[in-house]
Every structure is written in C-alpha cells, then in structure tokens.
Asks: 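One structure coming up, written as structure tokens, with questions to follow.
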Amino acid sequence: ACGKDDKAADDKKFKVAMVTDTGGVDDKSFNQSAWEGLQKFGADNKLKSGSDFKYLQSNSPSDYAPNLNKLVRDKYDIVYGIGFLMENDIKKVADQQPKGKLAIVDTVVDKKNVASIVFKENEGSFLVGLIAGMQTKSNKVGFVGGVESPLIKKFENGFKAGVKMANPKAEIMIQYAGDFNKAEKGLAIANTFYGKGADIIYHAAGGTGKGIFTEAKNRAKNGKKVWVIGVDRDQFEEGQPQGVTLTSMVKRVDIAVQQVSKDTKEGHFPGGKVVEFGLDKDAVSIAPHKENVSKDALAKVDEFKKKIKDGELKVPKDDKEYEEFLKTLKK
Amino acid sequence: MDFLQILALIIPAAIVSAAPIILTSLGGVLSERSGVVNIGLEGLMMFGAFIGALFTYYGQEWGLGAASPWMSFVAAIVAGAIFAIPHAIASISLKADQVVSGVALNFLAAGLSVFLTKKIFDAGQTPDIQERINKGDIPFLSKIPLLGDWLFSSAYVTSFVAVALAVIVWFVIYKTPFGLRIRSVGEHPMAAETMGINVIKTRYISVILGGAFAGLGGAIYVATISGNFSASTISGQGFMALAAMIFGKWHPLGAMGAALFFGLAQSLSITGEQIPYLKEIPNAILLVLPYVLTILALTGFVGRADAPKASGKPYEKGKR
Amino acid sequence: MMKGRFFPILVPVFSVILGLIIGAIIMLVSGYDPIAAYGALVTGVFGDSYNLGETVRTATPLILSGLAVAFAFRTGLFNIGVEGQVLVGWLASVYVGISLDAPMVIHLPLAILAGALAGAIWGVIPGLLKAKFKVHEVITTIMMNYIALYGTNGIIRAYLLQPGERTKDIKSSASLGSAFLGELTEGSRMHYGLIVAIIVAVIMWFILWKTTTGYELRAVGFNQHASQYAGINVSKNIILAMAISGAFAGVAGTMEGLGTFQYMSINNAFTGVGFDGIAVSLLGANGSIGIIVAAFLFGGLKQGALEMSSAAGVPTELVGIIIALIIFFVACSYLVHWLTNRFTKGGKL
Amino acid sequence: MEYVIEMRNIRKEFPGIVANDNVTLQVQKGEIHALLGENGAGKSTLMNVLFGLYQPEQGEIYIKGEKVDITDPNIANNLGIGMVHQHFMLVENFTVTENIILGREITTGGRIDLKKAAKEIQKLSDQYGLRVDPYAKIENISVGMQQRVEILKTLYRGAEILIFDEPTAVLTPQEIHELMEILKKLVAEGKSIILITHKLKEIMEACDRCTVIRRGRGIGTVDVASSSPRHLAEMMVGREVNFKVEKQPAQPKGAVLEITNLVVEDSRKVPVVNELNLQVKSGEILGIAGVDGNGQTELLEAITGLHKVKSGTVTLNGENITNQKPRKVTQSGLGHIPQDRHKHGLVLDFSIGTNMVLQTYYQQPFSKHKILKFQTIHNKAKALIDEFDVRTPSIHTPARALSGGNQQKAIIAREVDRSPDFLIAAQPTRGLDVGAIEFIHSKLIQERDKGKAVLLVSFELDEIMHVSDRIAVIYEGKIVAIVDPKETTEQELGLLMAGGKKDKAGDKV
Ligand SMILES: Nc1ncnc2c1ncn2[C@@H]1O[C@H](COP(=O)(O)OP(=O)(O)OP(=O)(O)O)[C@@H](O)[C@H]1O
Ligand SMILES: Nc1ncnc2c1ncn2[C@@H]1O[C@H](COP(=O)(O)OP(=O)(O)OP(=O)(O)O)[C@@H](O)[C@H]1O
Ligand SMILES: [Mg+2]
Ligand SMILES: [Mg+2]
C-alpha cells in the first residue's frame, strides 16, 4: 500500500492547514490575516477549502497540541501554528512527528522541521511613530499594549523611536492593560491618555483596543480632534463613522504564509530557518487608507522607509536598543 | 497632575464602566429578592450583549440610524427576559437546584450566542457597530463647578439610565405592593401564599424581569464600550455584577454603590499608572488593586450580609 | 424499590441522551449533519489512542476541580474561586518543579504538595473572612480569582520569565508525564495525574463519610447552630473546608503544571478549569464517583468537539450548548421524578 | 341546623399515609370549637384543607350551607376564613404593619401608605384588645405579640371564621390567659373559632364543643360542658391516660451545679442575667418558672457555653466551667435538651441514626483514631430508638421527616443515654400530645431517681408544678424566690413571676 500512496502523492494536491489560537480566524488580527493568506494560496492553486486547506480553532491553550497533531497526522504538507503561544506545542509535535512540516508565526523554534516566521513589527511601528510625531498637536502621544511581552515590546519601542525621530520634544505615555480582551480597560486608559492631553494613541492590545476606539470616537463626536493608530490590519473601519483612525500598522501574515507555502510546495521548505518579514518584503507597512496622514508625514515615511531598507537605520526592538537609539538621536 | 485633575479622570471612567454592572446586578437583586438565586447573570448579560450587537447592526441596515442602539436595547431587554425563562422554569416549576440551573444558563449563553454569531455572520464576532451611544455634556448640570466636570461632562446617557433604574427598582421593591410581595416571597413564601399571593407567578415575574435587566446591561456594554460582540466580550462582568449584588446586600442602591466602587477601584488602578509616585508601583500590583480593595472594603466596613431567607430554596406548596 | 436504586443513574443517563437529541435537532435546523457530527465526536474521543489519551488528559484536572467545588458544597459553601486556586497551585508546583533538585520520589510529591498548599492558602483566605467577618464567600472567591490571575502573571514576569512568556520547563524529576504513556497513546500528553486525581477522589470520599472531621464538616454545612450546640468549632470547620477545597483545586493546577504543560505561561485569561469544575461537580451530584464520570463526559465532549469541527465542520460551540442542556436536565431531575411517579402511580398525582 | 362550616367526609393522603380518613367537622356560628388529637393525628392537615393549602382527595366543604371549592388560600380569605398557623407565617424582617397588609396593601398613588395602614391596624387592635406596635419588626417582638399579629392579619381581612392551630404551645401562662380573653371577645362579636390544642384544661375552660381525631379518623364530637378531661383524653388516645405524674419524694444530695453572681449581657450590652445565684442538687428536679424574656435563654446558653459570661462563675461537679467551650462543658457532665429542637437539637438533614451520636461521635466506641465506626453507631441508634419508642421507618430516615414529638424523643434519648450528672430540659414537651408528655416526664423523673440533677425550664405552670421538686422563680435576670411546689399555688407562683407588678405580662419589645 505504501508504494501506491507514494505514487499517488505526486499527483495528489499540496495540502496546507493552520491552527488558530483562541481568537479564531476572524479576530481581525493575525489569525484572520494568516487565514486570508491560506485562502489566497488555496485559490491560486485551485485547492478545495475544508479539505485541501483548512484551519482548526483552539478553544483553550491546551487545544493547540491536539490540533497541530491532528493536522500533521492527516498528512497536511505544512501546518502553521499562529502565534508565539504555540511555541512549546510546536516543539513537541515536531519531535513526535519528525516527518511533518511545521511553521510558527511570531517566534523562533529551533527544529529542523519547523520554519520560524517572524516580523519586524518595530519597523512598521517606527513608521506610524513618525506619523504620530509629525501630526501631534499637543506633543503628547500614547501607546497601549495588551499583555506585556517581547513581541508587544517591539511595537512599543519601534513606535517610540519613530515619534522621537520625528519630534524629539514629544512626550510618550505607555500603559499595558494586562489583558487583550477588556474593552472597558482600553476605554479607561484612553480616557486617561486623552484626558492628560495626548491626541494620538497607538495600540497593540487586541480586543482591549476596541475601548480605545470607542473613547476616541466619543471625543471626536464632541468636537475634539483625537486619533487612534490601528494595528495588525487596516483598522480604518473601526474608526468610522467619525474617522478617528489616523493610520494603521499593517502586519502581513498573509504574505508570509503564502510565501512559505509556495516555497514549501516548490520543495524549498525553510525548515530550521528563521524567515524574517520586514519593510523589505512589504510585510510590515502603513495601511492603504492614507487620507488622514499629512503629505509631510508621508514624505517622511518614504524617506525613512528607504533608510531602513538600505540598512542606514536600525530600528530598536527592545528597551535596551531603544536607550541606545535615544543616545544616537541626541548626537 | 493635581488631585482635582485626577478625580476628573477617574470618576467619569468609573461611571462608564459601572453602568452595565449596575444594570446586571439590579437583575440579580430582583431575582434573588424573590428567592431565586441567579448565578446565570453572566450568561444573561452575554446573551444581551449578543442581541445588542445583532440588533444595532440590523437597525443600521434597516436605516434606523442613531435609533439603532436604542432599538437594540429593547431587543436585548426582551431577549434577556426570554432567556431567563429556562432558568425560571427549571428553578421555580421544576424545583431544580438554582445554582445548577444558573450554571447551565451560563454555558447555554456562551454556546448559543457564539453559535448564532457564526451562523448569522459566518464569523466569530459580529461586525463593528457604527451607531453607538455617545458621550455628551448633560445640559446645565455639566456647568456645575467640579461636580459638573466629574459627573455630567462627557458622560453617557446610559449611565444615568442605569442610576435612574436603580432608584426605580429601589422604589418598586421597597415602596410598592408589588415589591412587598416580591420580598415576602423571597423571605417566607409559605407566609406569602397564605396571604393569597401567588408565589410561583411572583417568582416568574421577578426572574424574568431580572433577565431583562441583565440583558440590557449586556447590550449597553456593547453600545458604550466594546462596539461589537465576540466570545470574549463578556468575560467575568456578570460575576462582578453578582459580587456587586452581594456587596450591596441585595439592595438596589447598595448594588449600584458596589458597582460604582468596582468601577472607581478599576479606574484608579488604571489612571494610577499615569500618576507620579503611583507610577513606581509594579503593574501587577495595580492590576490586582481593585480586587484587593473590594475584599478590604468588605472586611472592614461592610461585613455580614444575609441573603433573602428563602433564596435558593424551591417552593413546594404545603411542604414544611 | 427498583426505581429507588437506579434513580441516581437514571437521571444523568436520561439527561445525556436528551441533550444529544436536542443537539441533533439544533444541528438539523441549522444545516449540519448530526450523524456525521456525532460520528466525528466519537472518533474524536475513541478514534485512536492519541485522542483517547488527550481525553483522559482533559478530564484529569476537571476531576480535581470538580472535587474541589463538591467538597465546599458538601460543607455548605460555594467556592467559585477554584479557578484562582488552580492558578496558584499551578504556579507553586512549577516553581518547586524548576527550582529543586531531588530524586523523583521526593521531588514529584513535593511539587504536588506545593500546589495543594498554595491552593489551600488561596482557599483559606475567603474561609477566614467568612468565619471571622461573615463576608460572603462568593464575592471573595470571585475577587481572589482575579488576584490569582494577575498575581501569578506578575510573579512569572518578575521572577521566572523565559522567552515565550513563560517559565522554564520543570525538571523531569517533578514531571507527571511519561514516555511510556506517550508511546502508548501515539504521543498524547496523557500523564500519571489521573492516578493522583483518583486518589484525591478517594480521599474526599473518605474524609467526608468515614472520619469525624467529615462528620463535623457536614454538620456545620447543614446547621451551624446545632453544630455549635454539639461542641463543634464552626469557624474552624469553615476554614478547614475551604482549605481542603482549595487544596484539591491546587492539585488540579499541578495537573497542568506537572502534567500537561510542564511549565506555566502568562495567562491572558482564566483557564476555565475551575468554572468547568462547577458544572462537573453538579453533574456528578457532588459525589466522588459521579464526579469522575462527569469529568470524563465533559473531557470527552470537549476533546471530541475538536474533531467535530475539524471533520464535520460543526462549530465547537454546539458542544457547549449540549453540555448546557445536559446540566439543565440533570438539574430538573424533579421532572424525571415526576414522570416516573406519574408512571408508577398510573397517572394519578 | 345550618353550620357555618361543614367539612364532610374529608380524605387527604400523603405519599404513604392517609392523614385524614373520612373526617367530618361541623362548626356552629359563634362557638369555639376544639379540635383534639395526638401528634400526627391529622388536625393541621384538616385545617390546611379548609384553608386551601391542601386539596382533599375526597369530601365536600360547605360554608354557611353553600358548597365551596377552596383551591387556594385566597379563596379561603374571600370566604371569610382566616388561619393562625401552628408555625407562624410571618416575614421576620418585615414590620408588623407590612406583615398584616401583605396582599391587601393600602396605597396612595401606587405607593404603599404605611401610615394609613398603621392607623387602620391600630383601630382593629383597640377594638379587640390586641396590643401591637405597628412599626416594630417581627424579629424584635415577643412570641405573644407575633401571635397577635397573626390574629390581626385574619381580622384585617375581615375573617368571620378563625382557625387557631396550637396557638398556646408557644405562649406563657399570662399570654394564654390573654388569648383566651381575646377568643371570647371574638365569639362575642359573632365570629366562629376552631381551636387546636393539646391542653385539655384550655378546652374545658374556653370551648363549647370538641371534635376528636385519632390516626386520621374522626372519633366524634362532644359538648364540652357534659364531658371531662379524662373522657376527652381517652377518646383521643384510645386508652386510659394517667394525668398525675407518679413520683416519690426527692432525695437531694450535694450540689452538682453552682452558679454565683452570674452576669450575662445580650448583644446590646444590656445585662439580661444579673447577679444570679442558683444551686441544683443531685437527685432533684429544679424547675425554673418565669415569664419569657427574663433571662432564661441567656442563663441556659451561659451554662452550656453558647453565650459569653460577663462575670460570675458556673461550676459543675466542682469544676469551673465559666466561659468554657460547649464541648468542654458537655464533657464535664452536662446534658442539654435544647429549647429549639430544629435550630439546636438536630441536624435535620442528617439521618436520625447519625443524629443520635451528635454529642459523642468523636468518642470511643463511635470512632477510633478519627475514623467513624458505623456498625457501633447504628447499633446504638437502633437501641435508643427502641428504648425511647422513637417512631421512624428506619435509622436512615432524615431527622426532618420525623414528627416533632418523635424528634423530641430522639433528642431526649441521646441526652439521657449519656447519663450526664446534670441535665437541662428546656421546654421539653412544647407542642407534644399528652401521651408523649407523659413519657418525657417519666424519663426526667427516672433520671432524678438515678441521682442526677435536672434543671427544668418551662412556661407551662402545670409542668413546673407537677414535675419539679423545687421551683426557682426568675425575674429580670435574678432568682427572686425559691418555693416548694407542694406548698404553693399557681396564683402565688404567677404573682412572683410577674415581679409583683401585674401589667408585666411578657410584652418586651
Ligand atoms: N407535607 C406533608 N407531607 C407528607 N406527609 C404529611 C405532610 N403533612 C402531614 N403529613 C402526614 O399527615 C399526618 C397528619 O399530620 P398533621 O400535621 O395533620 O398532624 P397534627 O394532628 O396536626 O399533629 P400535631 O398535633 O403534631 O400538630 C402526619 O402523621 C403525616 O404523616
Ligand atoms: N417533608 C416531609 N416529608 C414527609 N413527611 C413529613 C414531612 N414533614 C412532616 N412530615 C410528617 O408529618 C408528621 C407530623 O409532622 P409535624 O411536623 O406536624 O409534627 P408535629 O408533632 O406537629 O411537630 P411540631 O411540634 O414541630 O409541629 C410526621 O409524622 C412526619 O412524618
Ligand atoms: Mg399540627
Ligand atoms: Mg405539633
């Protein structure tokens, strides 16, 4: 039977699948983006949804392992784990299923059969930081994180660097909500930030960010000019109808997933490697909706995009690098 | 930042986040005052939030514009009331253990609301609603020095609705015949029965009314805070409402006060990170602060609270 | 008298069947194929040894959290704080698992005990407040849940953080995991925790029904005045009840820390183990055997749900609905009583 | 002849028992009609049928000659039937007014008008001499006043027919006397009354006719004037009843319990037991007579360790037990038949067998190394149940399901069996029928004859007079007199209990 299978494998379709975290495929964030990438890949290769390409949703962290395991054993040619929370489970499954090909987003797993996909969120955040620095009227801006982690720190530090680059005098308020899903906390933090005079808030806080939009819209409706900078996807819609979304830092997990799937299909599975996606691959960028961004700011963004791509400027990703960055800035 | 500025930040935020909890705890008060324990508040609130998001969305589609959230409130009130019926049937007519039935209600709400969301929108969450309830200055009152800034400037109308409803519920429970009957049924149903009061009917009405309040609480959360519904929109607020009800000693105004206290503690911990000195306190400590404060308040000056005597006990006619 | 003897089993069985039937109806109405779905559900549980192993793994902490809720219930207390007690138990066991060097016979029991102790402390606080200040345990345990969630996160971040937002892995000498069980179940995370859970179930049964302590605990649960009259220390027993309940919950946490995960990560939300424990305990009628059965039912449904959504495309939430229905029907055992009474009495009531 | 109430051939079943079997009851207008029967005979059941709380399986009810169908208490109320229940039907944390108007509220503009209601209640209470404080909460008023509230409830609803289910079981002699006056006043106004009581004396004193039920069956109705207590008791029990408590003169020896200068404060820091001195000797029954609320409860709680002592000492068998834990006190040789059997005496949800070791479960042979020995416990329970004739289907039956009389017997069995040197019996026969009372009295005397000391607290003067060897009168927290029952009359005792002041009839709010 083995021989037969092998033979059939050649003309058998290439199958891809992913495991979401508890957010699900429509979290308006990286799960959704990854699934869009998979769908695009499926359409390009005429795959059938639900069998040739599909996703499994996890209801709790303990579901990651069985879900990954199931997909690998169902002979999917590459299985994505979306989010750094699956790091350990990916490792485990990779050990148990040495023949399976796995990929993880947002962290690095050093295994021969695991491809690690990471993004340079700090670079994208730097760009929106520039915009914030240019467009703040009060010289005060804010950053709200969900739960503190090195990943979210990349957003924070990139953003801070951008702001300081464009506007060294600007004051930056930072707060972590301790939660990705508490809109009322987002609302209260935004209330504090705006109340203390900030006019632009950048968030990397998932569902907690909803409260930030709510507060901004309320203020906008009462005639105050305040902005939110969205994250992960273009959050222009979230800002409607008052149009409070200044811009968004878009993280193209879809591009990454398509790219890695394509490579794998062509026999170049980047197992054991770290595939980095940054400005260079247009995998992090500012959102297509640009109507609220000033011409000057856009020009500035383009200027620095080039500098970063050319390697002239290194964007800090953690607190230490940021400290050093500030020193270079002073010189 | 000076002290007054801090208050001006903390108080409005507290009131905003308190409104859904106030309403839901009022639902709890109504239900438990009649003798039916309601652990299902979380579920009722969740279902209300779902219906709130759903009907605001459809309201927008149907061209109701700014009236959409208000229509969604009506829908959520009705839905909450209907959703409370299984709990009423189980715990009143079928003499089920009320805690069990309430827990079942929570599971049912979590399953059903997300299941229906997936069925209707083919997504794990509803679309963002465009028409919200918006903050605004309350005419005249917002001009009062200090208090105007704290309480009546850029405030949600719904917050005042919540406070007004708390007063109304207090009036109904403590000042009207209907309230007297609800309380009698929760304290000594047999006595009520001998006075010609229909225990079963009174309890049904109270539980269903309680569901309506909790449903409204959920819908207001969506309209004023989250802006859409997903599985994680209501995660624990119903239990906080339950705690507020007990904290408030099963009294409508007490429950309101407790909900405001939670809100205040919460916004203090959030704003605290932006206040000099407090800033130095580790984030984790500020995060647990509201809950620690609540426990301290309970221990220090609230102390003992007695539930209505018959709460939790199914009433059987003629049983001793 | 046959009715009397079989009644306790009759109700849950009846409830499960009824819940599944209504679940099928909902599927039909909303356009899913119930036969395929239930087929997948069964495969998801019994399909292969991996699924079976994972089902056991899911059920293991639920047994313990169910026992924790039940123990408190038996003594007249409602412990909604199991969730928080699970978290602190988890952290304590992982801490001991990481930081100690000892042979397994010492290390593993010590790590489990650490979890139990942490859970017990978390339970004692509400117990103490109830006994001394008459503060209602329902509020304090809800508050203690949040304190546990943010507190454990804070401790991990401050002292134990490793890349990946988590602690180090525990040493193998503190692990409940086993290569043997893993091989047996095609690499599932099934671990020896089931044995611990069953031992705890026996302990609960024994304490409650065989010892003078159990006699006192139950007496206080039913009637504090009479207990006082009989010379039983009411405050002490309230505190003790919460301590034991919390200890059980803490052990449930060690199942995650020493079994399933072997580390603790920063939790973005509650684990759900504690809240599910309430349902498990109620479904199991607060008895040791009932709880074990209910935990397996629960674990099976949750595990099977993954396959159900994978193979039959039915949202996993449907399983939540079915669970809710089953609990409802169990709660309404009066209905079953009534029906059987009616039946045996020939329609006269 | 037309009856104001006629219940014909009523049959009411409960699972496994026929509570009323073909009972007929006919009440004339303007009479006080007694209903008599042993515990569990079916009196309350019959009245609950009349009041619409139970539906009979068979039989008809006629009110003033008209056939009626009373399916719920509302209908009964509308028919002019009011009932004062055996266990009061009052909401404890409501005020008197709120309790009375519940269901028939007086409102102005949708709002309850408590002032107007209170005025109306005042009018009613003046009319019938039913003194109440309209604004007091039920939990703060005496049992006697609670009962008057119950009566007012029925009058407020315009009841013409009043049912009293064992109203005197919980009252002090003074209160009973007042109640009887009120009943007479009510019939004088043209109302009709059904009175359930176990006290034959009350029937003889106040009633016109008496219907007797035995084991659910109607035995007959007699004119009280042409009957005697002995005759009624025989009808009720079906055998001859011995009224006189048989006992030999006491042979007291040394003091077992000694109380000196005892002061106990209540929750408001008011001393309710005030410099009290008392001795109970072995081989005697010391009765404490007193109006409710003169510190009896606190005295007993202080002795047993349930209530803190402010100052003074309590010694038992020479051992100082002041402010000791209840367990310690029990171990020093104290037995306690508590006043409130449901609150203190039993864990109602435990089986009756388990309740039998409530005081001894932790001792050998019932447990060893903290492990319960069920076989021993069961054997003990069986033995006690046989010896004390506790009627229960099995030792595994929950205590809740037993009748009050049998619950009381179980408690007595448990306490007496431990053979304590000092036995407290608080209201040991409250609500019990004559047969059960006879049994309990003989048990107390048996203990005395074994050389134990017995402290009897009772509001029944009869009981105090007949059972005690010495009587201590308690008034305002002090023992004001110690008398010999053989040389004292009830009148003299009553005077002492009232502290010499006549208006002090137990109305502490
Ligand atoms: N709610 C009930 N459920 C089951 N059986 C009952 C119930 N109430 C009464 N009974 C049965 O009916 C019988 C009569 O009870 P009932 O209360 O009428 O007695 P009673 O004459 O009022 O006694 P007592 O003098 O003690 O008040 C009891 O022996 C009992 O077996
Ligand atoms: N819930 C119940 N289930 C079954 N039987 C009951 C129940 N309640 C009461 N009974 C029965 O009712 C009978 C009488 O009970 P009841 O409480 O009227 O006794 P009692 O002597 O009047 O006691 P009390 O002095 O407390 O009024 C008992 O024989 C008991 O078996
Ligand atoms: Mg009776
Ligand atoms: Mg009785």
Asks: Which answer fits D/Leu90, side chain, backbone, both or neither, if we ask what part of it has an atom under 4.5 Å from a heavy atom of chain B?
Replies: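 It is the backbone, since no side chain atom gets that close.
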
Asks: Is it the case that atom CZ in D/Arg215 sees more than 12 heavy atoms from other parts of the structure closer than 6.0 Å?
Replies: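 Count not over threshold, so no.
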
Asks: If you count every heavy atom of other residues, nucleotides or ligands that lies below 6.0 Å from D/Lys137 atom NZ, does the total exceed 12?
Replies: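 No, because the 6.0 Å sphere around NZ of D/Lys137 holds 12 heavy atoms or fewer from other groups.
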
Asks: Counting only N and O atoms by type, is there a donor-acceptor contact under 3.5 Å from the side chain of B/Arg181 to the main-chain atoms of D/Leu102?
Replies: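 A pair under 3.5 Å: no.
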
Asks: Tell me, for D/Asn48 versus chain B, whether the close heavy atoms (under 4.5 Å) come from the side chain, the backbone, both or neither.
Replies: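 Contact with chain B: none, neither part.
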
Asks: Taking side chain as everything from C-beta outward and backbone as N, CA, C, O, which of these in D/Asn99 sits under 4.5 Å from a heavy atom of chain B? Side chain, backbone, both or neither.
Replies: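 Contact with chain B is through the backbone of D/Asn99 alone.
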
Asks: Should D/Asn93 and B/Arg183 count as side-chain neighbours, where that means a heavy-atom distance under 4.5 Å?
Replies: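 A side-chain contact under 4.5 Å is absent here.
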
Asks: Side chain from CB out, backbone as N, CA, C, O: work out which of these in B/Leu180 comes under 4.5 Å of a heavy atom of chain D, or both, or neither.
Replies: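 Contact with chain D: backbone and side chain both.
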
Asks: Would you say that B/Met195 contacts D/Arg157 through its side chain, given a criterion of any heavy-atom pair below 4.5 Å between the two side chains?
Replies: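 In contact.
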
Asks: For D/Ile100, is it the side chain, the backbone, both, or neither that has a heavy atom closer than 4.5 Å to a heavy atom of chain B?
Replies: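 For D/Ile100, the backbone is the part near chain B, not the side chain.
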
Asks: Check D/Gly110 against B/Thr176 and note the closest heavy-atom contact, atom names and distance.
Replies: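 Smallest interatomic distance, heavy atoms only, reads O-CG2, 3.5 Å.
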
Asks: Hey, which residues of residues 27-45 of chain B are touching chain D, say heavy atoms under 4.5 Å apart?
Replies: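 Listed by number, there are no contacting residues, so the answer is none.
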
Asks: Mind listing the closest non-hydrogen atom pair of D/Asn74 and B/Gly196 along with its distance?
Replies: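 For D/Asn74 and B/Gly196, the tightest heavy-atom pair comes out as ND2-O, 3.0 Å.
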
Asks: Would you call D/Met83 and B/Thr194 a side-chain contact if the rule is heavy atoms closer than 4.5 Å?
Replies: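 With C-beta onward as the side chain, the pair stays apart.
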
Asks: Which region of B/Tyr174, side chain (C-beta onward) or backbone (N, CA, C, O), has a non-hydrogen atom less than 4.5 Å from a non-hydrogen atom of chain D, or is it both or neither?
Replies: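 The answer is neither part of B/Tyr174.
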
Asks: Show the nearest heavy-atom pair for residues D/Phe88 and B/His188, with the distance to one decimal.
Replies: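 The answer is O-NE2, 3.6 Å.
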
